[in-house]
> 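First the structure, which I've put down as structure tokens, then a few questions once you've had a look.
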Amino acid sequence: MSPANDQETTTKQADLVIVANRLPVDRVVHDDGSVDWRKSPGGLVTAIEPVMRENDGAWIGWSGSADSELEPFVDDGLSLVPIPLSAEEIEEFYEGFSNGTLWPLYHDVVAKPSFHREWWESYVKVNRRFAEKAAEIAAEEATVWVHDYQMQLVPAMLRDLRPDLRIGFFLHIPFPPAELFQQLPWRRQLLEGLLGADVVGFQRPGAAQNFVRLVRQRVGHKTHRDQIYLPDGRVVQAGSFPISIDTQGLEDLARSESVAQRAKEIREQLGNPAKLLLGVDRLDYTKGIFDRLRAYGELIEDGEVTVDDTVFVQVATPSRERVDQYIKLRDDIDRLVGRLNGDLGEIGRPPIHYMHTSYPKEEMAALYRAADVMVVTPLRDGMNLVAKEYVACRYDDAGALVLSEFAGAADELRQAYMVNPYDIDGMKNTILTAMRAGPKEQARRMRAMRKTVAEHDVADWAQRFLRVLADTKPTHHKHLRPAQDD
Ligand code: GDG
């Protein structure tokens, strides 16, 4: 954190440029008008920060508030380049096309996507602004790494402006099968946008296959396995690069005395239940929060679980609060929790502790440590970092993870208690099995999952992606320096 007016500005060209919708910091304006930047929590920054520092990288993104024309600046040694968005663009590009069209379409259409031409036009315009800025600040033959569904046109726009660049793209959310993607009126433009990259990365192998198949069918390019052959001789490499977390950092936090103390306190405040179940999600309809709580309510109604000795804590972090579908979801969940607590609770014993708020990461680690069963049941999820974070915090090899097979994390965390989140009875049975597992069974599963997240952390993910990207263009001589090992 440093005051905005003390920051040095930066204009020099960078060998590594990150392009993402948001900057890795949030702009905080205080009551007295002074401005601070606060690092936003998240794995992406942790993963990319070391390579950024080693290569004098720059990060292009939106600051999070409307119409702020801000100069590039350096914060804590990182070069940040803010891109302004107007209030109208926030509505049309961000809340509209990104979160009202692409987000539901890419998540199995679990909510109905809206298609509006003005939203699309705004998406094109904003993508062009990001691409132009990247073209301006990237050094000769630099590497540009573009992130996520808000930026899918940037690779081709950037290649047009700067054919010398090495361009990578990574999609953090699922990529849908052709049958769904086809609905999009601008399907071909999006595919062509992505094909501007040398490497197009996805969370799961199936998503990469969906992409290659769509390119073959819709754009007509030749493909072989994960490679796409363009008429101009370029080869685009698709592939899966499952993202991860800062495993060691999180484990260290979980092991700290203050977190241990807080975990104990949380259990005490909840009346020392025999079993504590936990859900942690952004309040999003893809996360399956509603059906999960319904299933839990039925377990109480069926007499399988009693409110005397079991508590469910659901943290739902506020998200996209101006988008209609999110407003409705919030109301639906408020009502369900109210009904379940009203119908099934006793004095001092509500079955569900529902928190619509966001917590510091120490509190999250304490919750993970305190929980006997972590319930992660998205209807569709690119990866789901919460599942991996829970595992990273369980250095005691205790606790059980209930995990949806529709989360990307299910590919790696195979020893979790897997559920189909659409199957309420199945989910009820599996939650019960997880609750009743003995310490030996818990440890067997947890040890195997902990090995997986220890071996594949987020630094590993970033390095693997950048290595594959570096290998795609043998004609280029400029190679990025890897992050220094401590
Ligand atoms: C997208 C994809 C993919 C949540 N509440 C608080 C808090 N969090 C942190 C969690 C976790 C992160 O937010 C959420 O990450 P997820 O992966 O679970 O989900 P999305 O936000 O939907 O992320 C997803 C991800 O991108 C990365 O590629 O895995 O599939 O949808 O790290 O801990 N952190 C703090 N307080 C909170 O209240 N500090």
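As the structure is a prediction and not an experimental result, all values here were calculated from the model.
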> Minimum heavy-atom separation for Ala416 to Met449, with atom names?
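Where Ala416 meets Met449 most closely, the heavy atoms are N-SD, 3.6 Å.
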> Is the shortest distance from a Lys or Arg side-chain nitrogen in Arg117 or Glu121 to a carboxylate oxygen in the other one below 4.0 Å?
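The answer is no: the pair does not qualify as a salt bridge.
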> Within the structure provided, determine whether Asp425 and Asp423 are in side-chain contact (heavy-atom separation under 4.5 Å).
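With C-beta onward as the side chain, the pair touches.
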> Looking at every heavy atom in both Ile90 and Ser65, which two are closest together, and how far apart are they?
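The pair with the smallest heavy-atom distance is CD1-C, 4.5 Å.
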> Is there a side-chain contact between Tyr149 and Asn21 in this structure, where contact means two heavy atoms from C-beta onward sitting under 4.5 Å apart?
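They are not in side-chain contact.
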> Answer yes or no: is there a donor N or O on one side and an acceptor on the other, between the side chain of Asp457 and the main chain of Ala459, under 3.5 Å?
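Side chain of Asp457 to backbone of Ala459: a pair is present.
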> Would you find a donor on one side and an acceptor on the other, under 3.5 Å apart, between the side chain of Thr101 and the backbone of Ser98?
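Judged by distance alone, no pair lies under 3.5 Å.
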> Which of these, Phe181, Trp120, Trp119, sits in a ring-ring contact (aromatic ring centres under 6.0 Å, His included) with Trp186?
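Among Phe181, Trp120, Trp119, the one meeting ring-ring contact (aromatic ring centres under 6.0 Å, His included) with Trp186 is Trp120.
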> Does Phe211 form a side chain to side chain contact (heavy atoms under 4.5 Å, CB included) with Ile228? I'd like the steps, not just the answer.
CA-CA 10 Å; Phe211 173 65; Ile228 300 158; 3.7 Å; yes
> With the side chain counted from C-beta on, respond yes when Leu278 and Val375 share a heavy-atom pair under 4.5 Å apart, and no when they do not.
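With C-beta onward as the side chain, the pair stays apart.
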> Is a side-chain donor or acceptor of Gln13 paired with a backbone partner of Ala142 at a separation under 3.5 angstrom?
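No; zero donor-acceptor contacts below 3.5 Å.
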> Would you say Lys287's side chain and Val376's backbone share a donor-acceptor pair under 3.5 angstrom?
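Side chain of Lys287 to backbone of Val376: no pair is present.
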> Take atom CG of Asp31 as the centre, draw a 6.0 Å sphere, and report whether it contains more than 12 heavy atoms from other residues, nucleotides or ligands.
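Incorrect, the count does not exceed 12.
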> Side-chain contact, heavy-atom cut-off 4.5 Å: Leu190 with Leu102?
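In short, these two side chains touch, coming nearer than 4.5 Å.
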> Can you tell me how the ring of Phe406 sits relative to the ring of Tyr422, calling it parallel under 30°, perpendicular over 60° and tilted otherwise?
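If you compare the ring of Phe406 with that of Tyr422, the planes turn out perpendicular.
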> Please check this pair: side chain of Thr430 against backbone of Gly426, looking for a donor-acceptor N/O pair closer than 3.5 Å.
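Yes, the answer is positive, given that a donor and an acceptor are paired below the 3.5 Å cut-off.
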> Can you tell me how far CD of Gln209 sits from CZ of Arg213, rounded to the nearest 0.5 angstrom?
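Reported to 0.5 Å precision, the distance equals 10.5 Å.
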> Identify whether the distance between the nearest side-chain nitrogen and carboxylate oxygen of Asp76 and Arg53 falls below 4.0 Å.
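The answer is yes: the pair qualifies as a salt bridge.
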> If the test is side chain to side chain contact (heavy atoms under 4.5 Å, CB included), which one of Asn341, Val315, Asp334, Val313 qualifies with Tyr354?
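Among Asn341, Val315, Asp334, Val313, the one that satisfies the side chain to side chain contact (heavy atoms under 4.5 Å, CB included) with Tyr354 is Asp334.
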> Going by distance alone, is a donor N or O of one side chain under 3.5 Å from an acceptor N or O of the other, for Ser240 and Arg204?
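Absent: no donor and acceptor within the cut-off.
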> Taking all non-hydrogen atoms of both residues, which atom of Pro421 and which atom of Pro378 are closest, and how far apart?
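In this case the closest contact between Pro421 and Pro378 is CG-O, 3.3 Å.
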> Answer yes or no: is there a side-chain heavy-atom contact under 4.5 Å between Asp381 and Thr286?
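With C-beta onward as the side chain, the pair stays apart.
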> For Tyr326 and Glu321, test the side chains for any donor-to-acceptor distance below 3.5 angstrom and give the result as yes or no.
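There is no such pair (donor and acceptor under 3.5 Å, judged by atom type) between the side chains of Tyr326 and Glu321.
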> Quick one: closest heavy-atom pair of Asn384 and Ala387, and the distance?
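In terms of heavy atoms, the two residues are closest at OD1-N, 3.0 Å.
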> When you compare the side chains of Trp103 and Asp284, does any donor N or O come within less than 3.5 Å of an acceptor on the partner?
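Indeed, the side chains of Trp103 and Asp284 share at least one donor-acceptor pair under 3.5 Å.
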> As a quick check of understanding, evaluate salt bridge (Lys or Arg N to Asp or Glu O under 4.0 Å) for Lys328 and Asp332, giving each step before the final call.
CA-CA 6 Å; Lys328 177 166 184 313; Asp332 288 348; 2.9 Å; yes
> Can the ring centres of Phe175 and Tyr106 be said to be less than 6.0 Å apart?
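Under 6.0 Å, so yes.
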> Decide yes or no on ring pair (Phe, Tyr, Trp, His ring centres under 6.0 Å) for Phe241 and Phe202, but give the supporting numbers first.
CA-CA 6 Å; Phe241 300 84; Phe202 301 89; 9.0 Å; no
> What's the separation between atom CE in Met383 and atom NE2 in His172, rounded to the nearest 0.5 Å?
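Separation between the atoms: 10.5 Å.
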> Does CG belonging to Asp324 count more than 12 external heavy atoms closer than 6.0 Å?
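Result for CG/Asp324: open.
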> Side chains of Gln150 and Arg22, heavy atoms from C-beta outward: is any pair under 4.5 Å?
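No; the side chains remain at least 4.5 Å from each other.
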> Closer than 3.5 angstrom, by distance alone: can the side chain of Glu54 be matched with the main-chain N or O of Val51 as a donor-acceptor pair?
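Not at all, since once roles are kept as given, no pair shorter than 3.5 Å links the two residues.
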> Flag yes if more than 12 heavy atoms outside Gln217 fall under 6.0 Å of its CD atom; otherwise flag no.
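Buried by this count: over 12 neighbours within 6.0 Å.
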> Less than 6.0 Å separating the ring centroids of Trp62 and Phe93?
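Between Phe93 and Trp62, which both carry aromatic rings, the centre distance is not below 6.0 Å.
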> Grab the two heavy atoms, one from Arg188 and one from Arg218, that are nearest each other, plus how far apart they are.
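Shortest heavy-atom contact: NH1-O, 3.3 Å.
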> In Å and rounded to the nearest 0.5 Å, what is the CG to CD distance from Asp108 to Glu179?
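Rounded to the nearest 0.5 Å, the CG-CD separation comes out at 11.5 Å.
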> Give a yes-or-no answer on whether the side chains of Gln314 and Asp281 include a donor-acceptor pair shorter than 3.5 Å.
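Side-chain D/A pair, Gln314 to Asp281: present.
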> Are Asp198 and Arg166 ion-paired here, with the side-chain N under 4.0 Å from a carboxylate O?
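No, no charged N to carboxylate O under 4.0 Å.
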> With side chain to side chain contact (heavy atoms under 4.5 Å, CB included) as the test, would you mind laying out the steps for Val19 and His147 before giving the verdict?
CA-CA 6 Å; Val19 179; His147 287 266; over 6 Å; no
> For Trp145 together with Phe465, are the ring centres under 6.0 Å from each other?
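They qualify: ring centres under 6.0 Å apart.
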> Under the criterion salt bridge (Lys or Arg N to Asp or Glu O under 4.0 Å), I'd like the reasoning laid out for Lys125 against Glu89: C-alpha separation, chi angles, the key distance, then a yes or no.
CA-CA 9 Å; Lys125 193 164 130 211; Glu89 286 165 347; 3.4 Å; yes
> Between the side chains of Arg129 and Glu132, is the shortest nitrogen-to-carboxylate-oxygen separation below 4.0 Å, so that they form an ion pair?
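Result for this pair is no, no salt bridge flagged.
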> Look at the aromatic rings of Tyr390 and Tyr368 and report parallel, tilted or perpendicular, splitting at 30° and 60°.
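Tyr390 and Tyr368: perpendicular rings.
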> Compare all side-chain heavy atoms of Glu141 with those of Leu165 and state whether any distance is below 4.5 angstrom.
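Glu141 vs Leu165: side chains apart.
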> Say whether, by atom type as modelled, one donor and one acceptor occur between the side chain of Gln203 and the main chain of Ile243 under 3.5 angstrom.
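At least one qualifying donor-acceptor pair exists.
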> Please evaluate residues Val235 and Thr472 with respect to the criterion side chain to side chain contact (heavy atoms under 4.5 Å, CB included), reporting the C-alpha separation (whole Å), side-chain torsions for both, the decisive distance (0.1 Å), and the verdict.
CA-CA 8 Å; Val235 180; Thr472 51; over 6 Å; no
> Which pair of heavy atoms, one from Leu23 and one from Ser63, lies closest together, and at what distance?
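Reported closest heavy-atom pair: CD1-CA, 4.2 Å.
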> In plain terms, say whether Glu298 and Lys428 are close enough for a salt bridge, that is, a side-chain N and a carboxylate O under 4.0 Å apart.
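Yes.
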> Looking at Leu78, is its backbone amide N or carbonyl O close enough to the side chain of Asp75 to form a donor-acceptor pair, meaning the two atoms are under 3.5 Å apart?
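Absent.
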> Could you tell me how the ring of Tyr123 sits relative to the ring of Phe97: parallel (under 30°), tilted (30 to 60°) or perpendicular (over 60°)?
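Tilted, since the angle between the ring planes falls between 30° and 60°.
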> Using side chain to side chain contact (heavy atoms under 4.5 Å, CB included), reason through Val386 and Met374 one step at a time and then give a plain yes or no.
CA-CA 9 Å; Val386 166; Met374 182 80 215; 3.5 Å; yes
> Treating Arg162 as the side-chain partner and Ala138 as the backbone partner, does any N or O pair qualify as donor plus acceptor under 3.5 Å?
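Yes, because the side chain of Arg162 sits within donor-acceptor range (under 3.5 Å) of the backbone of Ala138.
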> Return the CE to OG distance between Met427 and Ser404, rounded to the nearest 0.5 Å.
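Result: 9.0 Å between the selected atoms.
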> So, the side chain of Asp226 versus the backbone of Gln237: is there a donor-acceptor pair under 3.5 Å, distance only?
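Not a single qualifying donor-acceptor pair exists.
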> Measuring only between side-chain heavy atoms, which start at C-beta, is Gln227 closer than 4.5 Å to Thr223?
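A side-chain contact under 4.5 Å is absent here.
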